[in-house]
Amino acid sequence: MERILAKDVKNHVGEEIKLQGWVFQIRPVGKIKFLILRDRTGVVQTIILNKEIDISNVERESVVTIYGKPKLEKQAPGGVEVEVLKVELMEKAATPLPFEVNRASDLLNIKIDTLLDHRPFSLRNPEISSIFRVQAEIVRAYAEFLRNDGFLQVHTSKIISAGTEGGTNLFPIQYFEQTAYLAQSPQFYKQMLVGAGYERIFEIGFVYRAEDHATSRHINEYLSLDFEMGFIESEQDVINEEIRLLKYVFTCLKENCSEELKLHGVELQDIDTIPQLKLGEAIKVLKDKYNKTMETENDLDPEGERLICEYSKKEFNSDFVYITYYPASGRPFYTMPDGTGLTRGFDLLYKGLEVTTGSQRINNYDMLVDNMRKFGLKPENFEFYLEIFKYGMPPHGGLAIGTERLTQQILSLKNVREASLFPRDRFRLTP
RNA sequence: GGGCUCGUAGUGUAGCUUGGUUUAACACGUCGCCCUGUCACGGCGAAGAUCACCAGUUCAAAUCUGGCCGAGCCCGCCA
(Lines give C-alpha, C1' and ligand atoms only; values in the text may rest on other atoms or scores of the structure.)
Protein backbone atom coordinates (compact mmCIF):
# COMPACT_ATOMS: atom_id res chain seq x y z
CA MET A 1 0.00 0.00 0.00
CA GLU A 2 1.40 3.36 -1.04
CA ARG A 3 2.27 5.89 1.64
CA ILE A 4 0.27 9.14 1.67
CA LEU A 5 1.91 12.32 2.95
CA ALA A 6 0.31 14.61 5.51
CA LYS A 7 -0.21 17.45 3.06
CA ASP A 8 -2.03 15.14 0.60
CA VAL A 9 -4.49 13.60 3.05
CA LYS A 10 -7.25 15.97 1.95
CA ASN A 11 -7.11 14.45 -1.55
CA HIS A 12 -7.99 10.97 -0.28
CA VAL A 13 -11.22 11.53 1.63
CA GLY A 14 -13.16 8.29 1.96
CA GLU A 15 -10.29 6.05 0.86
CA GLU A 16 -8.31 3.76 3.08
CA ILE A 17 -4.76 5.13 3.28
CA LYS A 18 -1.41 4.49 4.91
CA LEU A 19 0.41 7.28 6.76
CA GLN A 20 3.92 7.13 8.15
CA GLY A 21 5.71 9.57 10.39
CA TRP A 22 6.43 10.68 13.93
CA VAL A 23 3.88 11.07 16.69
CA PHE A 24 3.84 14.81 17.24
CA GLN A 25 1.24 14.90 19.99
CA ILE A 26 -1.30 12.62 21.65
CA ARG A 27 -4.35 14.26 23.19
CA PRO A 28 -6.68 11.87 24.97
CA VAL A 29 -10.16 13.26 25.49
CA GLY A 30 -12.23 10.72 27.34
CA LYS A 31 -12.68 7.57 25.29
CA ILE A 32 -11.36 9.11 22.08
CA LYS A 33 -7.79 10.13 21.34
CA PHE A 34 -6.34 12.63 18.93
CA LEU A 35 -2.96 11.62 17.55
CA ILE A 36 -1.17 14.32 15.59
CA LEU A 37 1.20 12.78 13.05
CA ARG A 38 4.14 14.64 11.53
CA ASP A 39 6.03 13.84 8.37
CA ARG A 40 8.29 15.90 6.14
CA THR A 41 5.34 17.78 4.70
CA GLY A 42 3.70 18.84 7.94
CA VAL A 43 1.21 17.52 10.46
CA VAL A 44 -2.17 15.86 10.15
CA GLN A 45 -4.72 15.10 12.84
CA THR A 46 -5.83 11.52 13.27
CA ILE A 47 -8.60 10.41 15.59
CA ILE A 48 -8.91 7.10 17.40
CA LEU A 49 -12.57 6.29 18.05
CA ASN A 50 -12.31 2.51 18.35
CA LYS A 51 -11.33 1.67 21.92
CA GLU A 52 -9.94 -1.68 20.74
CA ILE A 53 -7.02 0.26 19.27
CA ASP A 54 -4.37 0.33 21.98
CA ILE A 55 -1.70 3.01 21.72
CA SER A 56 -0.60 2.86 25.34
CA ASN A 57 2.93 1.85 24.21
CA VAL A 58 3.18 4.68 21.68
CA GLU A 59 5.21 7.62 22.96
CA ARG A 60 5.44 11.07 21.49
CA GLU A 61 8.07 11.15 18.70
CA SER A 62 7.77 7.41 18.11
CA VAL A 63 7.80 6.34 14.46
CA VAL A 64 4.49 4.82 13.43
CA THR A 65 2.49 3.57 10.49
CA ILE A 66 -1.17 4.49 10.63
CA TYR A 67 -3.89 2.99 8.48
CA GLY A 68 -7.04 5.02 8.36
CA LYS A 69 -9.75 6.82 6.45
CA PRO A 70 -9.58 10.60 5.89
CA LYS A 71 -12.88 12.40 6.36
CA LEU A 72 -13.99 15.98 6.15
CA GLU A 73 -14.58 17.35 9.64
CA LYS A 74 -15.07 21.02 10.24
CA GLN A 75 -13.92 20.75 13.85
CA ALA A 76 -10.54 19.40 12.76
CA PRO A 77 -7.60 21.68 11.98
CA GLY A 78 -7.53 22.19 8.23
CA GLY A 79 -11.01 20.71 7.96
CA VAL A 80 -9.79 17.13 7.50
CA GLU A 81 -8.81 14.33 9.84
CA VAL A 82 -8.03 10.64 9.55
CA GLU A 83 -10.08 8.07 11.42
CA VAL A 84 -7.60 5.46 12.59
CA LEU A 85 -8.13 1.79 11.72
CA LYS A 86 -4.77 0.46 12.84
CA VAL A 87 -1.54 1.77 14.39
CA GLU A 88 1.77 0.00 13.96
CA LEU A 89 4.65 1.08 16.20
CA MET A 90 7.80 1.01 14.07
CA GLU A 91 10.31 2.53 16.49
CA LYS A 92 9.54 3.58 20.03
CA ALA A 93 10.91 6.90 21.28
CA ALA A 94 12.60 6.85 24.67
CA THR A 95 11.11 8.91 27.44
CA PRO A 96 11.48 11.55 28.66
CA LEU A 97 12.31 13.52 25.54
CA PRO A 98 15.18 16.04 25.71
CA PHE A 99 12.62 18.84 25.62
CA GLU A 100 9.10 19.57 24.41
CA VAL A 101 9.83 19.72 20.74
CA ASN A 102 6.22 20.16 19.65
CA ARG A 103 5.81 23.65 21.07
CA ALA A 104 5.78 26.92 19.21
CA SER A 105 9.06 28.74 19.80
CA ASP A 106 7.64 31.28 22.23
CA LEU A 107 6.53 28.35 24.39
CA LEU A 108 9.51 26.16 23.63
CA ASN A 109 11.53 28.48 25.81
CA ILE A 110 14.85 26.77 25.39
CA LYS A 111 18.44 27.95 25.51
CA ILE A 112 20.33 27.91 22.24
CA ASP A 113 22.91 25.62 23.77
CA THR A 114 20.38 22.93 24.71
CA LEU A 115 18.86 23.25 21.28
CA LEU A 116 22.23 22.75 19.59
CA ASP A 117 23.25 19.90 21.91
CA HIS A 118 20.18 18.05 20.60
CA ARG A 119 20.33 19.48 17.09
CA PRO A 120 18.72 16.69 15.02
CA PHE A 121 15.99 16.36 17.62
CA SER A 122 15.38 20.11 17.78
CA LEU A 123 14.93 20.15 14.01
CA ARG A 124 11.76 18.12 14.53
CA ASN A 125 10.20 21.37 15.68
CA PRO A 126 8.39 22.78 12.63
CA GLU A 127 9.47 26.32 13.33
CA ILE A 128 13.11 25.38 13.73
CA SER A 129 13.20 23.11 10.69
CA SER A 130 11.56 25.82 8.61
CA ILE A 131 14.70 27.98 9.06
CA PHE A 132 16.57 25.58 6.81
CA ARG A 133 13.81 25.33 4.24
CA VAL A 134 14.10 29.11 3.96
CA GLN A 135 17.89 28.90 3.78
CA ALA A 136 17.72 26.24 1.08
CA GLU A 137 15.42 28.49 -0.93
CA ILE A 138 17.78 31.47 -0.50
CA VAL A 139 20.68 29.42 -1.82
CA ARG A 140 18.63 27.89 -4.62
CA ALA A 141 17.31 31.27 -5.77
CA TYR A 142 20.80 32.75 -5.54
CA ALA A 143 22.22 30.07 -7.80
CA GLU A 144 19.30 30.17 -10.21
CA PHE A 145 19.47 33.92 -10.63
CA LEU A 146 23.18 34.00 -11.32
CA ARG A 147 23.09 31.00 -13.65
CA ASN A 148 20.40 32.74 -15.68
CA ASP A 149 22.57 35.83 -15.78
CA GLY A 150 25.57 34.15 -17.36
CA PHE A 151 27.48 33.10 -14.25
CA LEU A 152 29.22 29.73 -14.04
CA GLN A 153 29.05 27.85 -10.77
CA VAL A 154 32.49 26.78 -9.59
CA HIS A 155 33.96 24.91 -6.66
CA THR A 156 37.41 25.90 -5.46
CA SER A 157 39.69 24.33 -2.90
CA LYS A 158 39.27 25.09 0.77
CA ILE A 159 42.85 23.99 1.44
CA ILE A 160 45.20 26.84 0.71
CA SER A 161 48.82 27.81 1.19
CA ALA A 162 48.29 31.37 2.36
CA GLY A 163 45.53 33.71 3.37
CA THR A 164 43.90 36.36 1.23
CA GLU A 165 44.29 39.04 3.83
CA GLY A 166 47.50 38.15 5.59
CA GLY A 167 48.27 35.36 7.97
CA THR A 168 45.80 36.07 10.76
CA ASN A 169 42.49 34.40 11.32
CA LEU A 170 43.49 31.22 9.51
CA PHE A 171 43.14 27.67 10.79
CA PRO A 172 46.39 25.84 10.13
CA ILE A 173 46.15 22.21 9.10
CA GLN A 174 48.79 19.55 8.61
CA TYR A 175 49.01 18.77 4.90
CA PHE A 176 51.53 15.94 4.71
CA GLU A 177 54.89 17.61 5.29
CA GLN A 178 53.57 21.15 4.77
CA THR A 179 51.43 23.50 6.82
CA ALA A 180 48.32 24.50 4.92
CA TYR A 181 45.31 26.58 5.93
CA LEU A 182 41.55 26.39 5.64
CA ALA A 183 40.36 29.03 3.18
CA GLN A 184 38.88 32.16 4.75
CA SER A 185 37.45 33.14 1.36
CA PRO A 186 37.57 31.93 -2.25
CA GLN A 187 38.72 35.40 -3.22
CA PHE A 188 41.89 34.55 -5.16
CA TYR A 189 40.26 31.70 -7.04
CA LYS A 190 37.25 33.79 -8.01
CA GLN A 191 39.48 36.43 -9.53
CA MET A 192 41.72 33.89 -11.24
CA LEU A 193 38.67 32.31 -12.88
CA VAL A 194 37.42 35.66 -14.14
CA GLY A 195 40.84 36.08 -15.71
CA ALA A 196 40.67 32.52 -17.02
CA GLY A 197 37.95 33.71 -19.36
CA TYR A 198 34.76 32.65 -17.63
CA GLU A 199 34.16 36.35 -16.88
CA ARG A 200 31.33 35.60 -14.46
CA ILE A 201 31.49 32.93 -11.80
CA PHE A 202 29.84 32.19 -8.50
CA GLU A 203 30.57 29.82 -5.67
CA ILE A 204 28.60 28.49 -2.73
CA GLY A 205 30.95 27.07 -0.16
CA PHE A 206 32.05 26.99 3.42
CA VAL A 207 34.79 29.35 4.53
CA TYR A 208 36.70 29.34 7.79
CA ARG A 209 37.59 32.16 10.16
CA ALA A 210 39.80 31.46 13.16
CA GLU A 211 38.47 34.52 14.94
CA ASP A 212 38.43 34.18 18.68
CA HIS A 213 35.07 35.72 19.34
CA ALA A 214 31.79 34.64 20.84
CA THR A 215 28.93 36.81 19.69
CA SER A 216 25.44 36.26 18.34
CA ARG A 217 26.61 37.11 14.82
CA HIS A 218 29.80 35.05 14.46
CA ILE A 219 30.51 31.44 13.63
CA ASN A 220 33.88 30.04 12.62
CA GLU A 221 32.60 28.15 9.60
CA TYR A 222 29.98 29.78 7.42
CA LEU A 223 28.46 29.35 3.99
CA SER A 224 29.72 32.09 1.75
CA LEU A 225 27.73 33.15 -1.33
CA ASP A 226 30.41 34.57 -3.58
CA PHE A 227 30.31 35.96 -7.05
CA GLU A 228 32.81 37.75 -9.24
CA MET A 229 32.17 39.46 -12.58
CA GLY A 230 34.43 40.85 -15.28
CA PHE A 231 34.14 43.85 -17.60
CA ILE A 232 32.49 46.15 -15.12
CA GLU A 233 32.59 49.93 -15.17
CA SER A 234 32.79 50.29 -11.42
CA GLU A 235 31.66 48.76 -8.14
CA GLN A 236 28.20 50.10 -8.99
CA ASP A 237 27.78 47.24 -11.48
CA VAL A 238 28.41 44.78 -8.66
CA ILE A 239 25.96 46.59 -6.39
CA ASN A 240 23.30 46.61 -9.09
CA GLU A 241 23.80 42.92 -9.70
CA GLU A 242 23.29 42.26 -6.01
CA ILE A 243 20.16 44.41 -5.83
CA ARG A 244 18.60 42.46 -8.70
CA LEU A 245 19.76 39.25 -7.07
CA LEU A 246 18.22 40.12 -3.71
CA LYS A 247 14.97 41.13 -5.38
CA TYR A 248 14.85 37.72 -7.03
CA VAL A 249 15.64 35.90 -3.78
CA PHE A 250 12.89 37.78 -1.96
CA THR A 251 10.41 37.05 -4.73
CA CYS A 252 11.23 33.36 -4.56
CA LEU A 253 10.92 33.33 -0.79
CA LYS A 254 7.49 34.91 -0.97
CA GLU A 255 6.40 32.41 -3.60
CA ASN A 256 7.91 29.24 -2.20
CA CYS A 257 8.27 29.83 1.53
CA SER A 258 5.14 31.72 2.49
CA GLU A 259 4.27 29.16 5.19
CA GLU A 260 7.75 29.28 6.65
CA LEU A 261 7.80 33.09 6.71
CA LYS A 262 4.39 33.09 8.36
CA LEU A 263 5.62 30.68 11.05
CA HIS A 264 8.26 33.26 11.91
CA GLY A 265 5.89 36.18 11.68
CA VAL A 266 7.96 37.73 8.91
CA GLU A 267 6.56 40.12 6.34
CA LEU A 268 9.22 40.62 3.65
CA GLN A 269 9.61 44.16 2.47
CA ASP A 270 9.66 44.60 -1.32
CA ILE A 271 13.08 45.69 -2.49
CA ASP A 272 12.92 48.56 -4.94
CA THR A 273 16.28 50.20 -4.87
CA ILE A 274 18.77 50.20 -2.02
CA PRO A 275 20.10 53.53 -0.73
CA GLN A 276 23.82 54.17 -0.54
CA LEU A 277 25.81 56.23 1.92
CA LYS A 278 29.48 56.96 1.69
CA LEU A 279 31.22 55.89 4.88
CA GLY A 280 32.11 59.53 5.54
CA GLU A 281 28.45 60.50 5.22
CA ALA A 282 27.40 57.67 7.49
CA ILE A 283 29.85 58.79 10.16
CA LYS A 284 28.49 62.32 9.83
CA VAL A 285 24.92 61.05 10.20
CA LEU A 286 25.92 59.23 13.37
CA LYS A 287 27.44 62.38 14.76
CA ASP A 288 24.70 64.81 13.69
CA LYS A 289 21.61 62.69 14.23
CA TYR A 290 22.67 60.29 16.95
CA ASN A 291 25.42 62.21 18.71
CA LYS A 292 27.73 59.26 18.25
CA THR A 293 31.41 59.73 17.48
CA MET A 294 33.28 56.89 15.83
CA GLU A 295 36.73 56.17 17.19
CA THR A 296 38.01 55.10 13.80
CA GLU A 297 37.29 56.46 10.34
CA ASN A 298 37.81 52.98 8.86
CA ASP A 299 34.50 51.33 9.56
CA LEU A 300 31.32 51.45 11.57
CA ASP A 301 31.14 49.60 14.85
CA PRO A 302 28.15 47.32 15.55
CA GLU A 303 26.21 50.07 17.27
CA GLY A 304 26.94 52.36 14.33
CA GLU A 305 25.63 49.73 11.95
CA ARG A 306 22.42 49.43 13.93
CA LEU A 307 21.92 53.19 14.03
CA ILE A 308 22.62 53.65 10.32
CA CYS A 309 20.03 50.98 9.54
CA GLU A 310 17.58 52.76 11.79
CA TYR A 311 18.35 55.94 9.85
CA SER A 312 17.95 54.18 6.51
CA LYS A 313 14.59 52.79 7.57
CA LYS A 314 13.38 56.22 8.68
CA GLU A 315 14.87 58.22 5.83
CA PHE A 316 14.51 55.83 2.86
CA ASN A 317 12.08 53.20 4.20
CA SER A 318 14.68 50.53 3.45
CA ASP A 319 15.86 47.63 5.61
CA PHE A 320 18.98 47.57 3.46
CA VAL A 321 21.66 50.20 3.07
CA TYR A 322 25.00 50.20 1.24
CA ILE A 323 28.01 51.83 2.83
CA THR A 324 30.56 52.82 0.15
CA TYR A 325 33.94 54.46 -0.24
CA TYR A 326 35.80 52.84 2.61
CA PRO A 327 39.35 54.03 3.28
CA ALA A 328 42.08 51.86 1.77
CA SER A 329 43.57 51.21 5.19
CA GLY A 330 40.53 49.22 6.26
CA ARG A 331 40.10 47.09 3.16
CA PRO A 332 42.02 44.17 1.64
CA PHE A 333 44.96 44.88 -0.66
CA TYR A 334 43.10 43.83 -3.84
CA THR A 335 40.45 46.55 -3.41
CA MET A 336 40.48 49.20 -6.16
CA PRO A 337 41.48 52.62 -4.81
CA ASP A 338 39.57 55.64 -6.04
CA GLY A 339 42.62 57.90 -6.06
CA THR A 340 41.80 59.94 -2.97
CA GLY A 341 42.76 57.45 -0.26
CA LEU A 342 39.36 55.86 -0.42
CA THR A 343 38.35 52.67 -2.25
CA ARG A 344 35.66 51.22 -4.43
CA GLY A 345 34.74 48.84 -1.63
CA PHE A 346 31.34 48.58 -0.06
CA ASP A 347 29.35 46.78 2.63
CA LEU A 348 25.68 45.96 2.68
CA LEU A 349 23.89 46.33 6.00
CA TYR A 350 20.55 44.65 6.57
CA LYS A 351 18.43 45.30 9.66
CA GLY A 352 21.48 46.41 11.60
CA LEU A 353 23.93 43.73 10.53
CA GLU A 354 26.63 43.53 7.88
CA VAL A 355 25.65 40.79 5.41
CA THR A 356 27.84 41.55 2.39
CA THR A 357 31.28 42.88 1.61
CA GLY A 358 32.35 43.61 -1.95
CA SER A 359 34.33 45.88 -4.20
CA GLN A 360 35.78 46.59 -7.55
CA ARG A 361 39.16 44.84 -7.55
CA ILE A 362 42.54 45.96 -8.81
CA ASN A 363 43.04 44.42 -12.24
CA ASN A 364 46.40 45.90 -13.21
CA TYR A 365 49.34 43.65 -12.38
CA ASP A 366 51.81 46.36 -11.36
CA MET A 367 49.29 48.15 -9.24
CA LEU A 368 48.31 44.94 -7.48
CA VAL A 369 51.92 43.95 -6.74
CA ASP A 370 52.62 47.44 -5.52
CA ASN A 371 49.60 47.39 -3.22
CA MET A 372 50.56 43.98 -1.89
CA ARG A 373 53.92 45.37 -0.79
CA LYS A 374 52.20 48.34 0.85
CA PHE A 375 50.20 45.84 2.90
CA GLY A 376 53.37 44.06 3.95
CA LEU A 377 52.77 40.99 1.80
CA LYS A 378 55.41 39.31 -0.34
CA PRO A 379 54.28 39.06 -3.97
CA GLU A 380 56.65 36.14 -4.51
CA ASN A 381 54.47 34.08 -2.15
CA PHE A 382 51.45 34.71 -4.35
CA GLU A 383 52.78 33.88 -7.81
CA PHE A 384 49.98 31.35 -8.29
CA TYR A 385 47.45 34.15 -7.87
CA LEU A 386 49.27 36.97 -9.62
CA GLU A 387 50.28 35.19 -12.82
CA ILE A 388 47.00 35.59 -14.66
CA PHE A 389 47.08 39.34 -13.97
CA LYS A 390 50.15 39.57 -16.21
CA TYR A 391 48.27 38.20 -19.16
CA GLY A 392 45.29 40.52 -19.43
CA MET A 393 42.87 40.84 -16.50
CA PRO A 394 39.67 42.76 -17.27
CA PRO A 395 38.23 45.26 -14.82
CA HIS A 396 36.20 43.20 -12.40
CA GLY A 397 34.57 43.06 -8.99
CA GLY A 398 32.50 40.89 -6.78
CA LEU A 399 31.17 40.27 -3.33
CA ALA A 400 30.40 37.73 -0.64
CA ILE A 401 27.17 37.24 1.27
CA GLY A 402 27.07 35.45 4.62
CA THR A 403 24.29 32.92 4.13
CA GLU A 404 23.61 32.34 7.81
CA ARG A 405 23.56 36.06 8.54
CA LEU A 406 21.18 36.73 5.67
CA THR A 407 18.94 33.91 6.92
CA GLN A 408 19.20 35.24 10.47
CA GLN A 409 18.16 38.73 9.45
CA ILE A 410 15.38 37.64 7.10
CA LEU A 411 13.81 35.59 9.89
CA SER A 412 14.82 38.01 12.68
CA LEU A 413 16.65 35.27 14.59
CA LYS A 414 18.50 36.34 17.71
CA ASN A 415 21.61 34.26 17.11
CA VAL A 416 23.35 33.37 13.85
CA ARG A 417 23.89 29.85 15.14
CA GLU A 418 20.17 29.26 14.87
CA ALA A 419 20.68 29.66 11.12
CA SER A 420 23.41 27.02 10.92
CA LEU A 421 22.51 23.32 11.01
CA PHE A 422 25.68 22.27 12.80
CA PRO A 423 27.44 25.47 13.80
CA ARG A 424 31.13 25.58 14.61
CA ASP A 425 31.76 28.31 17.12
CA ARG A 426 34.50 29.15 19.55
CA PHE A 427 33.75 26.14 21.75
CA ARG A 428 31.54 23.82 19.75
CA LEU A 429 32.79 20.94 17.61
CA THR A 430 29.77 18.67 18.03
CA PRO A 431 27.26 17.65 16.87
C1' G B 1 42.81 39.18 23.19
C1' G B 2 39.59 42.57 26.71
C1' G B 3 34.90 43.19 29.52
C1' C B 4 30.05 41.74 31.71
C1' U B 5 26.75 37.81 33.22
C1' C B 6 25.07 32.85 34.33
C1' G B 7 25.35 27.18 35.99
C1' U B 8 19.13 24.67 40.82
C1' A B 9 14.58 17.66 38.45
C1' G B 10 14.12 15.83 31.25
C1' U B 11 13.17 21.42 29.80
C1' G B 12 12.60 26.63 31.37
C1' U B 13 12.69 29.48 35.75
C1' A B 14 12.08 31.19 41.34
C1' G B 15 14.83 31.02 45.85
C1' C B 16 20.89 33.54 46.80
C1' U B 17 21.08 40.33 48.32
C1' U B 18 20.06 39.63 54.56
C1' G B 19 23.08 31.57 55.67
C1' G B 20 18.43 28.64 59.71
C1' U B 21 9.94 27.15 58.99
C1' U B 22 12.64 24.80 52.43
C1' U B 23 10.79 18.35 53.56
C1' A B 24 14.54 23.37 47.70
C1' A B 25 9.19 26.21 45.02
C1' C B 26 6.58 26.96 40.12
C1' A B 27 5.36 25.90 34.84
C1' C B 28 5.92 22.39 30.88
C1' G B 29 7.12 17.27 30.17
C1' U B 30 6.91 12.01 32.42
C1' C B 31 3.83 8.14 35.15
C1' G B 32 -1.31 6.66 37.22
C1' C B 33 -6.74 7.51 37.40
C1' C B 34 -11.08 10.34 35.22
C1' C B 35 -13.19 12.88 30.78
C1' U B 36 -16.41 11.47 23.14
C1' G B 37 -14.18 17.12 19.78
C1' U B 38 -9.27 18.22 21.46
C1' C B 39 -6.10 21.62 18.76
C1' A B 40 -0.78 25.10 24.40
C1' C B 41 -7.28 20.09 25.93
C1' G B 42 -9.11 19.84 31.01
C1' G B 43 -9.51 17.60 36.31
C1' C B 44 -7.26 14.71 40.44
C1' G B 45 -2.87 12.32 42.20
C1' A B 46 2.43 10.62 42.01
C1' A B 47 7.53 10.23 40.84
C1' G B 48 11.71 13.01 39.47
C1' A B 49 17.35 17.62 41.92
C1' U B 50 23.82 14.54 45.94
C1' C B 51 21.39 23.11 43.88
C1' A B 52 28.01 22.17 37.74
C1' C B 53 32.55 20.43 40.35
C1' C B 54 36.40 20.96 44.42
C1' A B 55 37.93 23.20 48.77
C1' G B 56 37.15 26.83 52.71
C1' U B 57 34.31 29.93 56.49
C1' U B 58 30.31 28.47 60.02
C1' C B 59 26.81 25.08 65.07
C1' A B 60 24.46 25.37 60.09
C1' A B 61 25.81 26.71 52.86
C1' A B 62 21.74 26.34 46.83
C1' U B 63 22.75 31.03 49.60
C1' C B 64 29.18 33.73 51.88
C1' U B 65 34.72 33.15 50.09
C1' G B 66 38.48 30.99 46.85
C1' G B 67 39.59 27.74 42.93
C1' C B 68 38.12 24.91 38.72
C1' C B 69 35.10 23.38 34.61
C1' G B 70 31.15 24.69 31.35
C1' A B 71 27.98 28.30 29.03
C1' G B 72 25.65 33.13 27.27
C1' C B 73 26.32 38.20 25.74
C1' C B 74 29.18 42.67 24.44
C1' C B 75 33.80 44.91 22.39
C1' G B 76 38.10 44.44 18.97
C1' C B 77 37.64 41.88 14.15
C1' C B 78 34.42 40.14 10.60
C1' A B 79 30.07 37.80 6.50
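Convention: sequence-line order gives letters A, B, ...; per-chain numbering from 1.
Protein atom CZ of Phe34(A) is 7 Å distant from nucleotide atom P of rU38(B), rounded to whole Å. For the pair Gln184(A) CD and rC77(B) C1', the interatomic distance rounds to 12 Å; values are reported in whole Å. Spacing between atom CZ of Arg405(A) and atom C1' of rC77(B) amounts to 10 Å, rounded to whole angstrom units. Between the C1' atom of rU11(B) and the CG atom of Asn125(A) lies a distance of 13 Å, rounded to the nearest Å. Separating the OH atom of Tyr142(A) from the C1' atom of rA79(B) is a distance of 12 Å, rounded to the nearest angstrom. Across the protein-nucleic acid pair, Leu399(A) atom CG and rC78(B) atom C1' stand 16 Å apart, rounded to whole Å. Per the geometry, OH belonging to Tyr208(A) stands 15 Å off C1' belonging to rA79(B), to the nearest Å. The distance from atom CZ of Arg27(A) to atom P of rU36(B) is 17 Å, rounded to the nearest whole Å.
rG37(B) and rA14(B) have their C1' atoms separated by 37 Å, given to the nearest Å. Only the C1' atoms considered, rC6(B) is 16 Å distant from rC53(B), to the nearest whole Å. The P atoms of rC26(B) and rG70(B) are separated by 34 Å, rounded to the nearest whole Å. rC4(B) and rG20(B) are spaced 29 Å apart, taking the P atom of each and rounding to whole Å. With both ends at atom P, the span from rG15(B) to rA9(B) equals 16 Å, rounded to whole Å. The same atom, C1', is picked in rA25(B) and in rU8(B); the two are 11 Å apart, to the nearest Å. rC28(B) and rG42(B) have their P atoms separated by 7 Å, given to the nearest Å. To the nearest whole angstrom, the two P atoms, one in rA46(B) and one in rA55(B), are 36 Å apart.
Ring to ring, Tyr189(A) and Tyr385(A) are not that close: their centroids are 6.0 angstrom or more apart. Taking the ring centroids of Phe382(A) and Phe188(A), they lie under the 6.0 Å cut-off. Here Tyr198(A) and Phe151(A) keep their ring centres 6.0 angstrom or further from each other.
Of the residues near RNA chain B, His118(A) and Leu49(A), the one whose nearest nucleotide (by heavy atom distance) lies more toward the 5' end is His118(A).
If you check every strand for non-hydrogen atoms under 4.0 Å, Leu225(A) touches nothing. Within 4.0 Å (heavy atoms only), Ile219(A) reaches at least one base atom of the nucleic acid.
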Using atom names, set out every protein N or O paired with an N or O of nucleotides 48-52 of chain B below 3.5 Å, distance rounded to 0.1 Å.
none

Polar atom pairs (N or O), protein with nucleotides 73-75 of chain B, under 3.5 Å:
from: rC73(B); atom 1: OP1; to: Asn415(A); atom 2: ND2; distance (Å): 2.1
from: rC73(B); atom 1: OP1; to: Arg417(A); atom 2: NH2; distance (Å): 3.3
from: rC73(B); atom 1: OP2; to: Arg417(A); atom 2: NH2; distance (Å): 2.5
from: rC74(B); atom 1: OP1; to: Ser216(A); atom 2: OG; distance (Å): 2.8
from: rC74(B); atom 1: OP2; to: Ser216(A); atom 2: N; distance (Å): 2.7
from: rC74(B); atom 1: OP2; to: Ser216(A); atom 2: OG; distance (Å): 3.3
from: rC75(B); atom 1: OP2; to: Arg217(A); atom 2: NH1; distance (Å): 2.8
from: rC75(B); atom 1: OP2; to: Arg217(A); atom 2: NH2; distance (Å): 3.3

Listed pairs, N/O of protein and of nucleotides 29-35 of chain B, under 3.5 Å:
from: rG29(B); atom 1: OP1; to: Arg103(A); atom 2: NH2; distance (Å): 3.1
from: rG29(B); atom 1: O3'; to: Arg60(A); atom 2: NH2; distance (Å): 3.4
from: rC31(B); atom 1: OP1; to: Glu59(A); atom 2: OE1; distance (Å): 3.1
from: rC35(B); atom 1: OP2; to: Lys31(A); atom 2: NZ; distance (Å): 3.0
from: rC35(B); atom 1: N3; to: Gly30(A); atom 2: N; distance (Å): 3.0

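A salt bridge between Glu199(A) and Lys190(A) is absent, with no side-chain N of the basic residue lying under 4.0 Å from a carboxylate O of the acidic one. At a threshold of 4.0 Å, the pair Arg428(A)-Asp117(A) counts as salt-bridged, since one of the basic side-chain nitrogens sits closer than that to a carboxylate oxygen. The existence of a salt bridge linking Arg140(A) and Glu137(A) is confirmed by a sub-4.0 Å separation between a basic side-chain nitrogen and an acidic carboxylate oxygen.
Using a 3.5 Å distance cut-off with no hydrogens or angles, the side chains of Ser62(A) and Glu91(A) do not pair a donor with an acceptor. Between the side chains of Asn298(A) and Ser329(A), at least one donor-acceptor pair of N or O atoms lies under 3.5 Å. Side chains of Gln135(A) and Glu404(A): a donor-acceptor N/O pair is absent below 3.5 angstrom, by distance only.
The side chain of Thr357(A) places no N or O atom within less than 4.0 Å of a non-bridging phosphate oxygen (OP1 or OP2) of rC78(B). For Lys111(A) and rU13(B), the shortest distance from a side-chain N or O to OP1 or OP2 is below 4.0 Å.
Set against rC41(B), rC77(B), rC78(B), the side chain of Glu305(A) has rC78(B) as its closest nucleotide.
With centres under 5.5 Å and a plane angle under 30°, the ring of Tyr222(A) is stacked against the base of rA79(B). We find that the ring of Phe99(A) and the base of rU11(B) do not stack by the test of centres under 5.5 angstrom and planes tilted less than 30°.
Cation-pi geometry between Lys18(A) and Tyr67(A) is not satisfied (NZ or CZ under 6.0 Å from the ring centre, within 45° of the ring normal). Relative to the ring axis of Tyr326(A), Arg331(A) places its NZ or CZ within 45° and under 6.0 Å from the centre.
Of the residues listed (Leu349(A), Ile239(A), Leu348(A)), the one engaging Ile274(A) in a side chain to side chain contact (heavy atoms under 4.5 Å, CB included) is Leu348(A), and it is the only one. Paired with Gln191(A) under the rule side chain to side chain donor-acceptor pair (under 3.5 Å), one option of Arg361(A), Glu228(A), His396(A) passes, and it is His396(A).
Atoms CG and CG, on Leu421(A) and Leu123(A) in that order, are 6.0 Å from each other to the nearest 0.5 Å. To the nearest 0.5 angstrom, Ile32(A) atom CD1 is 12.0 Å from Lys51(A) atom NZ.
Under the rule for a salt bridge (Lys or Arg N to Asp or Glu O under 4.0 Å), Arg424(A) has no partner lying at least two apart in sequence or in another chain.
Phe320(A) and Tyr350(A) have parallel rings, their planes meeting at less than 30° on a 0 to 90° scale where 60° marks the start of perpendicular.
Near RNA chain B, meaning a heavy atom under 4.0 Å from it, residues 73-85 of chain A has Glu73(A), Gln75(A), Ala76(A), Pro77(A), Glu81(A) in order of number.
RNA chain B forms stems at B:1-7 with B:69-75, B:10-13 with B:25-28, B:30-34 with B:42-46, B:53-56 with B:64-67, each a run of 3 or more consecutive Watson-Crick or G-U wobble pairs whose two key distances fall under 3.5 Å.
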Taking it one step at a time, do Arg103(A) and Glu127(A) satisfy salt bridge (Lys or Arg N to Asp or Glu O under 4.0 Å)?
CA-CA 9 Å; Arg103(A) 304 273 153 164; Glu127(A) 207 167 320; over 6 Å; no
